[in-house]
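Okay, structure first, notes after.
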Amino acid sequence: MTNILNNLNPEQLEAVTLPPVNEAGNSQSAMILAGAGSGKTKVLTTRIAWLIQTGQASPVGVLAVTFTNKAAKEMLTRLSAMMPINTRGMWVGTFHGLCNRLLRAHHKDAGLPSTFQILDTQDQLSAIKRLLKSLKIDDEKYPPKQLQYFIAHAKEKGMRAKDMDRGDSFQNTMVELYQAYEEQCQREGVVDFAELLLRSYELLKHHQPIREHYQERFRHILVDEFQDTNALQYAWLKLLSGHGTSSPCSVFAVGDDDQSIYAFRGADVENMKLFERHYKPYLVKLEQNYRSYGHILDAANHLIANNTERLGKNLRTDAGHGEPVRVYEAATDGTEAAWMVDEIKSLINTGSMRTEIAILYRSNAQSRIIEHGLFSAGIPYRVYGGLRFFERAEIKHALAYLRLLENPNDDTSFARVVNFPTRGIGAKSIETLQDSAKLNNCSFYAAAPYLEGKAGTSISAFVRLIDHMRDATRHNTLPETVDYVIQNSGLIQHYLTEREGQDRVENLQELVNAATAFIAEEGFAQDTVAGTDQTEVITEMSPLAGFLAHASLEAGDNQAQAGQDAVQLMTVHAAKGLEFTNVFITGLEEGLFPHENSINEDDGLEEERRLMYVAITRAKERLFLSHTQSRLLHGQVRYNLPSRFLDELPAESLKHLTPKNKDARWGSSTTTTRMPSWSEGSDWGGPAATISRSSRSSAITVPISSLPQKDNGHGFRVGQSVFHTKFGEGRILAIEGQADQAKANVNFNRHGPKWLQLAIAKLTAID
DNA sequence: GATAGGCTGCTTTTT
DNA sequence: GCAGCCTATC
């Protein structure tokens with residue numbers, strides 16, 4: 001029919017135009033198994049456009065849900081490019097964003113104040129710490145982090161405290177703390193991330209008219225990254241889609257079981273199988289890859305074939321073999337970085353953009369040495385991950401003031417800024433306040449008038465400050481309010497006097513800009529939702545409420561120097577969904593990738609393999625893999641074996657840049673545990689000295705002197721370049737003695753020659 | 001109440 | 001190696 005279908009391949013076309021209603025006149029769902037680089041987002045958005053253009057759906061009858069704000073935005077952008085519709089009223093967003101929308105519209109039925117605030121992970125943790133303190137619970141016995149995890153996982157399974165197994169006394173206390181946490185949140189009018197989902201699930205479940213309203217409205221639900229859904233999200237979708245009712249809607253689920261890498265935070269690939277069973281969907285596989293050359297795809301296919309739990313899918317390309325996958329073995333993490341710098345230089349010299357070069361690693365700790373190498377070589381780079389704009393301390397402080405204007409009962413925010421900047425309200429005063437709040441069963445804010453003495457005076461002054469700021473900004477625009485608050489709270493003043501406060505002042509000013517941008521973008525958000533009589537009504541959030549929700553739900557970018565042409569550094573997780581012409585996957589060593597913690601986890605190794613699969617499929621033209629013989633990790637030198645994943649790649653697609661040293665591969669080749677035999681037991685001579693804090697050493701950390709790597713028992717030879725943590729780089733002039741008695745005379749570039757006991761000195765080979 | 005110094009722990013992370 | 005947390009000290 002229309003041109004939107006023109007540039008689809010046959011399998012994409014089939015997916016996009018699957019009839020949402022079958023011959024019997026009932027809704028028909030679909031599951032699209034979309035391999036990496038197969039045009040998943042294109043299919044999803046074209047599907048929506050096709051449904052609307054053919055009159056099978058109206059824009060307000062479509063709900064599309066994603067996991068990230070970025071994906072949601074991308075979808076909206078592509079949609080409006082495809083057809084002239086107003087996307088503003090459409091329900092396209094993240095699970096959390098859409099749930100927030102539902103709860104704002106039906107806050108009364110959901111049992112929440114209209115001004116409820118959203119706790120991010122940090123806020124939640126501090127709320128939990130505060131709870132434990134107020135209940136005088138020993139936080140050594142009940143670590144706040146563990147309780148946080150416990151609560152989040154319970155909610156992700158849809159369980160309230162009352163639904164939980166009490167078990168032993170520890171479990172029982174955890175459940176009671178969960179209950180107490182819930183009561184605290186309810187009193188304060190705050191919800192955490194998981195609560196957004198659980199609360200709106202319960203809203204739909206327990207309020208038939210509301211449920212039916214949305215079930216009738218959304219005749220088409222589209223789900224992106226279905227493999228990442230957790231149990232609660234699945235239940236939410238099932239409810240909203242009217243599964244099991246007389247007129248369920250059509251669910252269009254797009255996912256890739258091979259790219260499921262978030263089981264550790266509750267995602268359950270099994271949902272794809274459940275979906276097949278419950279919805280009897282059409283099944284379409286997208287296997288044509290438009291991203292990578294043949295050798296890269298062969299590597300990916302070959303690797304992932306080692307997983308047993310798969311729905312089954314094989315990527316193919318018409319692009320030809322392309323260049324082989326390069327494999328490099330380095331002596332140390334330093335030389336690995338140096339090699340990358342060389343390769344990157346020649347890539348740039350042959351015309352590659354720096355933004356088209358990505359360096360991927362399994363864990364963030366690996367980035368430091370790579371950054372060091374790039375920095376020394378003067379190559380601009382950008383690291384993803386880390387603190388994001390709305391997570392910065394100064395921004396969270398400003399937001400806390402703003403939240404108190406909106407909802408003074410938010411104790412988390414109150415506690416955060418009651419003494420910031422300092423106003424002489426110390427731990428003692430806060431304790432008094434906390435006790436009084438508990439006694440009167442009210443918030444900190446409400447408890448202030450009950451206080452007497454010094455604490456009463458200073459805390460009342462703070463409460464008056466909040467009240468004053470609220471009154472003073474009543475008729476202001478949002479940016480004016482933000483500006484007023486950062487000035488009058490004393491935050492700007494405070495950071496101006498602080499030594500390193502300049503950046504923070506700038507960030508605070510940036511917050512005013514963020515507010516301006518928010519108003520411009522949102523316009524401001526009007527929403528059509530079910531009214532009290534279940535007819536469509538238009539609701540409006542206050543700009544401040546909207547901005548605060550936005551700040552919690554979208555933590556903002558974590559980029560330092562956006563826009564610059566820079567090499568991209570990130571974890572493999574962060575790279576999901578992205579693509580680059582040139583990709584380096586570094587640290588391919590046992591213990592690192594696959595990560596040692598994953599080996600003992602259920603399905604842990606398969607998830608690591610999927611992670612490797614994601615990493616490989618990011619590359620378009622050139623893929624570089626590297627591993628090192630030794631690396632500094634957690635302040636220790638560790639000797640790792642090459643990753644088993646390297647063995648799982650097809651030899652004919654690889655090109656080894658360094659000789660593949662069979663002798664260096666001490667362990668057996670494919671068994672699950674590849675601990676070198678010499679690492680257990682004591683037949684290797686015993687450690688004269690471990691590199692540092694021996695009690696923490698893992699099985700694969702050994703003193704350098706005991707490495708059976710070279711014949712002389714200490715692994716070093718005359719003429720070798722070495723690195724010492726204190727003295728820097730140097731060259732070995734002479735070695736005396738045997739095994740753990742050996743001493744070396746090392747001529748350090750900056751410190752001159754020194755004799756070092758090889759069993760003790762922190763020496764690393766660097767050639 | 002701010003700051004310095006010691007101790008510990010330590011995948012991955014979006015919302 | 002390093003951040004984050006706690007304690008000791010002024």
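Every chain is numbered from 1 and lettered A, B, ... according to where its sequence line falls, protein lines coming before strand lines. Because the structure is predicted, anything quoted here is derived from the model rather than measured. Basis for what follows: all heavy atoms, side chains included, without hydrogens, waters or symmetry-related copies.
Stacking of the aromatic ring of A:F264 onto the base of B:dT12 is found: the ring centres lie under 5.5 Å apart and the planes are inclined by under 30°. Both geometric conditions, a ring-centre gap below 5.5 Å and a plane tilt below 30°, are fulfilled for A:H595 over the base of B:dT11.
Distance A:K129 NZ to C:dC5 P: 5 Å, rounded to the nearest Å. Between the NZ atom of A:K576 and the P atom of B:dT15 there is a distance of 12 Å, rounded to whole Å. Rounding to whole angstrom units, CD of residue A:E589 and C1' of B:dT11 are separated by 15 Å. Rounded to whole Å, atom P of B:dT13 lies 18 Å from atom CD of A:E554. Distance, A:L125 CG to B:dT13 P: 18 Å, rounded to whole Å. In this entry the distance linking CZ of A:R631 with P of B:dT11 reads 15 Å, nearest Å. Across the protein-nucleic acid pair, A:L611 atom CG and B:dT12 atom P stand 11 Å apart, rounded to whole Å. Across the protein-nucleic acid pair, A:Q146 atom CD and B:dG9 atom P stand 14 Å apart, rounded to whole Å.
Among the protein residues, A:I425 comes within range of the sugar-phosphate backbone only, with heavy atoms under 4.0 Å from sugar or phosphate atoms but none that close to a base. Contacts of A:F67 with the nucleic acid, taken as non-hydrogen atoms under 4.0 Å apart, involve only primed sugar atoms and P, OP1 or OP2. Here A:N69 lies in heavy-atom contact (under 4.0 Å) with sugar-phosphate atoms only. Using a 4.0 Å heavy-atom cutoff across all strands shown, A:E608 reaches at least one base atom of the nucleic acid. Within 4.0 Å of A:E601, counting heavy atoms only, lies at least one base atom of the nucleic acid. At a threshold of 4.0 angstrom between heavy atoms, the contacts of A:T121 include nucleobase atoms, whether or not backbone atoms are also involved.
Applying the 4.0 Å criterion to OP1 and OP2 of B:dT13, one finds that A:T571 has a side-chain N or O inside that range. A:R388 has a side-chain polar atom (N or O) that falls below the 4.0 Å cut-off from OP1 or OP2 of B:dT15. Within the structure, a side-chain polar atom (N or O) of A:R368 is placed less than 4.0 Å from OP1 or OP2 of C:dC2. Under 4.0 angstrom from either OP1 or OP2 of B:dA2 there lies at least one side-chain N or O belonging to A:T422. Contact annotation: A:N364 reaches the phosphate of B:dT12 (side-chain N/O to OP1 or OP2, under 4.0 Å).
At a threshold of 4.5 Å between non-hydrogen side-chain atoms, the residues A:F593 and A:V572 count as touching. Annotation: side chain of A:T66 is not in contact with side chain of A:E225 (no heavy-atom distance under 4.5 Å).
Cation-pi geometry between A:R265 and A:Y149 is not met at under 6.0 angstrom from the ring centre and within 45 degrees of the axis.
Using modelled atom types, one finds a donor on one side chain and an acceptor on the other under 3.5 Å when comparing A:T229 with A:N271. Under the 3.5 Å distance criterion, with hydrogens and angles disregarded, a donor-acceptor pair is assigned to the side chains of A:N507 and A:E394. Between the side chains of A:E589 and A:T628, a donor-acceptor pair is found at a separation under 3.5 Å. A donor and an acceptor atom, one from each side chain of A:Q124 and A:D192, are located under 3.5 Å apart.
Summary of the strand contacts: A:G426 and A:H573 both lie near DNA chain B, and taking for each the nucleotide with the nearest heavy atom, the more 5' one is attributed to A:G426. Along DNA chain B, the nucleotide nearest A:R423 and the nucleotide nearest A:N597 are compared for position; the residue whose nucleotide lies closer to the 5' end is A:R423.
The separation of C:dG4 from B:dT13, taken at their P atoms, amounts to 15 Å, rounded to a whole angstrom.
Nearest nucleotide to the A:A574 side chain, out of B:dG1, B:dT13, B:dT11: B:dT13. Considering only side-chain atoms of A:R362, the nucleotide from B:dT11, B:dT13, B:dG1 that sits closest is B:dT11. Each of B:dT15, C:dG1, B:dT12 was ranked by its minimum atom distance to the side chain of A:T68; first place goes to B:dT15.
B:dT11 adopts a syn glycosidic conformation, its chi angle falling within 90° of 0.
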